[in-house]
Amino acid sequence: SRPGRRLVSHQHAPSGRLRSFVRRVGVWKGTAIFTFASTLIAFAVTGVSLELAGLRHGAIGYLIALACSLTIMPAMMVALLSLIKRLDEAEHALYRLARTDELTDLPNRRALFEAAVHQLQTDTAVALLFIDIDHFKRVNDTYGHRIGDIILCRVAEAIDGQLSARGLLYRFGGEEFAGLLYNTPPADARDIAEALREHIQRTPITVGEHTLYITLSIGVATADNARNSQITTLIDHADQAVYEAKNAGRNRIHLAPAA
């Protein structure tokens, strides 16, 4: 699976301790743990009760406690933990759905903003690439939206493969993607963007009987210290840089001033 896909699929919505416990150990192991604990508690309660009542500690009392723990507790815990597991899986599916682009299976704009909260808490350089597929409307108008969608997915996969070693790719909207690169100074960001542009330009995409060569316009925004930057500022700078790249003729990169 693609790195972008792993980012969202491995994240979970915030949850309580019991749900985290079920997620970690599973239903059957969890049932065994609770049954063992309840048996120890039943033995302790039986012993205290017998002591307070002034009765002899006979085996029958402990056998009754054991029987109750082994017959009632497992059934209750299997039902309870299974329900918790199903609820957790359903919420995780909704959590992932809200943060994943349906067409490309990449993280979406919401995932970018949430990831930035954590990724911009370091003192290292950070870069944001805004990537726009040149003349994509012309592709849709010429070949139809079905082929356009296939090409969009192929380009997304190719871009993701090029950027995965340095960061994560997000679908920002339409034919625009955003690549958040960690620990990447401006010179490296420019080189990565240029290598990406050249790779896509020279790689043909074949869909049925159609073979197309796609080009990219890329805006590059950087910050020397991620902790002192804002994702909204990086997005604004990268967006303006894409605009400059398009105005200069497309199929090129443009580096914005450091944020």
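Taking 4.5 Å as the limit, every side-chain heavy atom of Ile159 sits out of range of all side-chain heavy atoms of Leu106. Side-chain contact between Arg154 and Val207 is present, with heavy atoms from C-beta onward closer than 4.5 Å. Looking at Thr222 and Leu255, their side chains come closer than 4.5 Å, going by heavy atoms from C-beta outward. Side-chain contact check for Ile200 versus Gln162: every heavy-atom pair is 4.5 Å or farther apart. Asp188 has its side chain within reach of Arg166: a pair of non-hydrogen atoms, C-beta onward, lies under 4.5 Å apart. No side-chain heavy atom of Cys153 sits less than 4.5 Å from a side-chain heavy atom of Asp105. Side-chain contact between Ser229 and Val126 is present, with heavy atoms from C-beta onward closer than 4.5 Å. By the 4.5 Å heavy-atom criterion applied to side chains, Arg190 and Ile253 are counted as neighbours.
Salt bridge Arg171/Asp160: absent, no basic N to carboxylate O contact under 4.0 Å. Under 4.0 Å is where a charged nitrogen must lie from a carboxylate oxygen, and between Arg197 and Glu194 at least one such pair does.
Taking the six-membered ring for Trp and thresholds of 30 and 60 degrees, Phe172 and Phe113 have ring planes inclined between 30 and 60 degrees apart.
Asp134 and Ser217 share a donor-acceptor pair across their side chains, judged by distance under 3.5 Å alone.
One finds the CG atom of Leu87 at 4.5 Å from the CG atom of Leu83 (value rounded to the nearest 0.5 Å). Note that CG of Leu97 is 9.0 Å distant from CG of Asn108, once rounded to the nearest 0.5 Å. Considering CG of Leu81 and CZ of Phe21, their distance stands at 7.0 Å, rounded to 0.5 Å. Note that CZ of Arg252 is 10.5 Å distant from CD of Gln201, once rounded to the nearest 0.5 Å. A distance of 7.5 Å separates CG of Leu196 from CG of Leu129, quoted to the nearest 0.5 Å. Distance CZ/Arg19 to CG/Asp88: 4.5 Å, rounded to 0.5 Å.
The two atoms that bring Val25 and Lys29 nearest to each other are O-CB, 3.3 Å, heavy atoms only. Taking each heavy atom of Ala178 and Phe130 in turn, the nearest pair found is CB-CE1, 3.8 Å. Between Ala256 and Ala221, the closest heavy-atom pair is CB-CA, 4.4 Å. In this structure, Val220 and Ala189 approach most closely via the heavy-atom pair CG1-CB, 3.8 Å. Ala98 approaches Arg110 most closely through the heavy-atom pair CB-NH1, 3.4 Å. The two residues Leu152 and Phe177 make their nearest non-hydrogen contact at CD1-CZ, 3.9 Å.
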- prompt: Leu168 and Leu180: side-chain contact (heavy atoms from CB on, under 4.5 Å), yes or no, with the steps?
  reply: CA-CA 6 Å; Leu168 287 167; Leu180 186 61; 5.6 Å; no
- prompt: Passes side-chain contact (heavy atoms from CB on, under 4.5 Å), Thr39 versus Leu66? Steps please.
  reply: CA-CA 6 Å; Thr39 301; Leu66 178 62; 3.7 Å; yes
- prompt: Would Asp239 and Glu176 satisfy side-chain contact (heavy atoms from CB on, under 4.5 Å), going step by step from the backbone distance to the final call?
  reply: CA-CA 10 Å; Asp239 191 35; Glu176 290 184 329; 4.3 Å; yes
task: Assess whether side-chain contact (heavy atoms from CB on, under 4.5 Å) is satisfied between Ile131 and Leu169, documenting all intermediate values.
output: CA-CA 10 Å; Ile131 305 161; Leu169 182 68; 4.2 Å; yes
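Checked by atom type and distance alone, the side chain of Thr184 pairs as donor or acceptor with a backbone atom of Tyr182 at under 3.5 Å.
Here the options are Arg86, Lys85, His92, the test is side-chain hydrogen bond (donor to acceptor under 3.5 Å, both in side chains), and the partner is Glu89; only Lys85 passes.
Cluster annotation: Ile84 is connected to Ile33 through the hydrophobic network of ILVMFWY side chains, with a link wherever side-chain heavy atoms come within less than 4.5 Å. Both Leu103 and Ile133 belong to a single network of hydrophobic side chains, linked directly or stepwise wherever heavy atoms of I, L, V, M, F, W or Y lie under 4.5 Å apart. A continuous path of ILVMFWY side-chain contacts below 4.5 Å connects Leu18 to Met73, so both sit in one hydrophobic cluster. One hydrophobic cluster holds both Phe136 and Leu216 under the rule that ILVMFWY side chains link at heavy-atom gaps under 4.5 Å. Hydrophobic clustering places Tyr62 together with Leu70 (ILVMFWY residues linked when any side-chain heavy atoms are closer than 4.5 Å, directly or through intermediates).
The number of heavy atoms from other shown groups lying within 6.0 Å of OH (Tyr243) does not exceed 12. Within 6.0 Å of CD on Glu102 lie no more than 12 heavy atoms contributed by other residues, nucleotides or ligands.
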